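A, B, ... follow the sequence lines: proteins, then strands. Residue 1 opens every chain. All values reported here derive from a predicted model rather than from experimental measurement. Worth knowing before you read on, the calculation uses all heavy atoms, side chains too, and leaves out hydrogens, waters and symmetry mates.
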Number of protein chains: 2
Amino acid sequence: MEFTEAELHQLEALTSTKRTFLRGDYLYHSGSKFESLFAIRTGFFKTQVIHEDGREQVTGFQMAGEIIGLDAISTDIHTCDAVALEDSEICELPFNRLEELSRQLPTLQRHLHKIMSREIVRDQGIMLLLGSMRAEERLAAFLLNLSQRFAARGYSASAFKLRMTRQEIGSYLGLKLETISRTLSNFQESRLIDVQIKSIELLDMTRLLGLVGQQRFTPI
Amino acid sequence: MEFTEAELHQLEALTSTKRTFLRGDYLYHSGSKFESLFAIRTGFFKTQVIHEDGREQVTGFQMAGEIIGLDAISTDIHTCDAVALEDSEICELPFNRLEELSRQLPTLQRHLHKIMSREIVRDQGIMLLLGSMRAEERLAAFLLNLSQRFAARGYSASAFKLRMTRQEIGSYLGLKLETISRTLSNFQESRLIDVQIKSIELLDMTRLLGLVGQQRFTPI
DNA sequence: CGGAGAGTTGAGAAACCTCAAAGCAGGTGG
DNA sequence: CCACCTGCTTTGAGGTTTCTCAACTCTCCG
């Protein structure tokens, strides 16, 4: 992606508003008015939908470099909560100015479209997972996806800390927290992983991939 | 949405390419190069992903007025098949020209963004369904969703023809075709619906709505 | 040091799947 | 135009996976 100096200046102006969030803080609430997208600079978030009856569903875990808030464009109202799972720094992108700038910069426009499309593909990957995988396959896919994303950010692909609880993993994967706990224990028993509460080490990635293997492995 | 006459002319030029598809025809195949979005003028489509082992996963059903192909923007390669479930007429929207035009017409740009965002919201709704609902709730939600969409197009909200098989419904809802069949029979037994193979009549929409959501949390 | 939240584990129940067989509908060719 | 075929649908019985409920332990903070 190539920009002129003047364009870079505009982009910089767009991304100048930065804010920090502590663990547990809400980036936005479901129902609140949509003004901006948010780029995560550092940290870790979850997005969740709360059903009227109290059921909650985690719809995603987002880490540094990812864009959050795309769902709100459709109605100008946020359709989910975004909650920091660790202390985080975000960069606010006022959407009106983003649209304006992307009319001037075709490269930025194309980039924005690809980001939105990637979110659609990601969601369809999770639909696949929820619709056709069993507990072991879902959890293996989840761990491998986290591994990939940590590796892409320069962290270890085989050892990392979970930022979320068993309950949140379960909600995301359409399983109960007890099932997550049991399946992790089984993986440990089978020497696939080593797990100490929040610390995960992937011991045999080949066999983990094999668990997901018969299914199509789409990055989450 | 307001456009000048010149703008309307441009839009018309964009949407001038129309094609018809017969039942079973593919609009595009997974893996093929992405050139255009498609607006459905009349008819009914499904999108699906085929696993290596031959199993199919339906990712959506699309009807008149809806846009198909958004997932392909991210990689310029279609990530799913789109198949006509009845004879259909579509309108091809070359994406390059769409982007170009949307740089000139902020209203069109905003419209495109909203369409993409709506697809994200839709997918997250299905994630919620797949992740936290039981078979009866999923099927009730599915029938009510179809009902809404038919009603929005001027057709009856309470009586319509299913364009897809039990297998395709099951694939979409993360259930086996036998479970779909049994659950439909249960609904009929309970006088919630009347079903004759592909013909559905919703007899008690209030109770169907009640099924979606409260079931699991009602005291025994 | 104590409490609250988080995690583990077990046993029994519920939901859904698999396998199997039989019934139906709709299109095609004789 | 009808009979047949093929694919779709229904229904049953038994098996598997996951959930629910419960008890207990662990960890992290204040």
Is there a donor-acceptor pair closer than 3.5 Å between any side-chain N or O of B:Ser88 and the backbone N or O of B:Phe44? yes

Atom-to-atom span, CG of A:Leu139 to P of C:dG7 - whole angstrom: 13 Å

Quickly work out the A:Ile197 CD1 to C:dA6 P distance and round it to whole Å. 12 Å

Under 4.0 angstrom between B:Arg166 side-chain N/O and D:dT9 OP1 or OP2: yes

What is the nucleic acid contact for A:Leu184, judged by heavy atoms within less than 4.0 Å: base, sugar-phosphate only, or nothing? nothing

Look at all strands and tell whether B:Gly170 reaches a base, only sugar-phosphate, or nothing, counting heavy atoms closer than 4.0 Å. nothing

Looking for any heavy atom pair under 4.0 Å, which part of the strands does A:Leu175 touch: base, sugar-phosphate only, or nothing? sugar-phosphate

Establish, with yes or no, whether the OP1 or OP2 oxygen of D:dT9 is under 4.0 angstrom from a side-chain nitrogen or oxygen of B:Lys198. yes

Compare the minimum distances between each of C:dT9, C:dG7, D:dT9 and the side chain of A:Ser185, then state the nucleotide with the smallest one. C:dT9

Find the distance A:Ile180:CD1 to C:dT9:C1' and express it as a whole number of Å. 15 Å

Flag the pair A:Arg23 and A:Glu86 as a salt bridge only when some basic side-chain nitrogen lies within less than 4.0 angstrom of an acidic carboxylate oxygen. no

Base D:dG12 paired with B:Arg182 side chain (donor-acceptor, <3.5 Å): yes

Using atom NZ of B:Lys161 as one end and atom P of C:dA25 as the other, report the distance to the nearest whole Å. 12 Å

Please report the distance, rounded to the nearest Å, between CG in B:Leu177 and P in C:dT18. 10 Å

Checking all strands, does B:Arg23 fall into the base, sugar-phosphate, or nothing category for heavy-atom contacts under 4.0 angstrom? nothing

Length of the line joining B:Leu130:CG and C:dC16:P, which is rounded to integer Å: 13 Å

When the distance from CE of B:Met164 to P of D:dG7 is rounded to whole Å, what number comes out? 21 Å

B:Lys176 side-chain N/O to C:dC19 phosphate OP1/OP2 under 4.0 Å: no

NZ/NE/NH1/NH2 to OD/OE distance under 4.0 Å, B:Glu92 and B:Arg19: yes

Expected output: side-chain B:Arg207 to main-chain B:Ser190 donor-acceptor under 3.5 Å: yes

Given D:dT18, D:dT11, C:dT9, the nucleotide with the shortest approach to the side chain of A:Glu178: C:dT9

For A:Ser181 and C:dG7, is the shortest distance between a side-chain N/O and OP1 or OP2 below 4.0 Å? no

If we ignore hydrogens and angles and just use 3.5 Å, is the side chain of B:Thr47 paired with the main-chain N or O of B:Gly60 as donor and acceptor? yes

Integer-rounded Å distance: D:dC8 P and B:Arg163 CZ: 17 Å

N/O (side chain, B:Arg134) to phosphate O (OP1/OP2, C:dA15) under 4.0 Å: yes

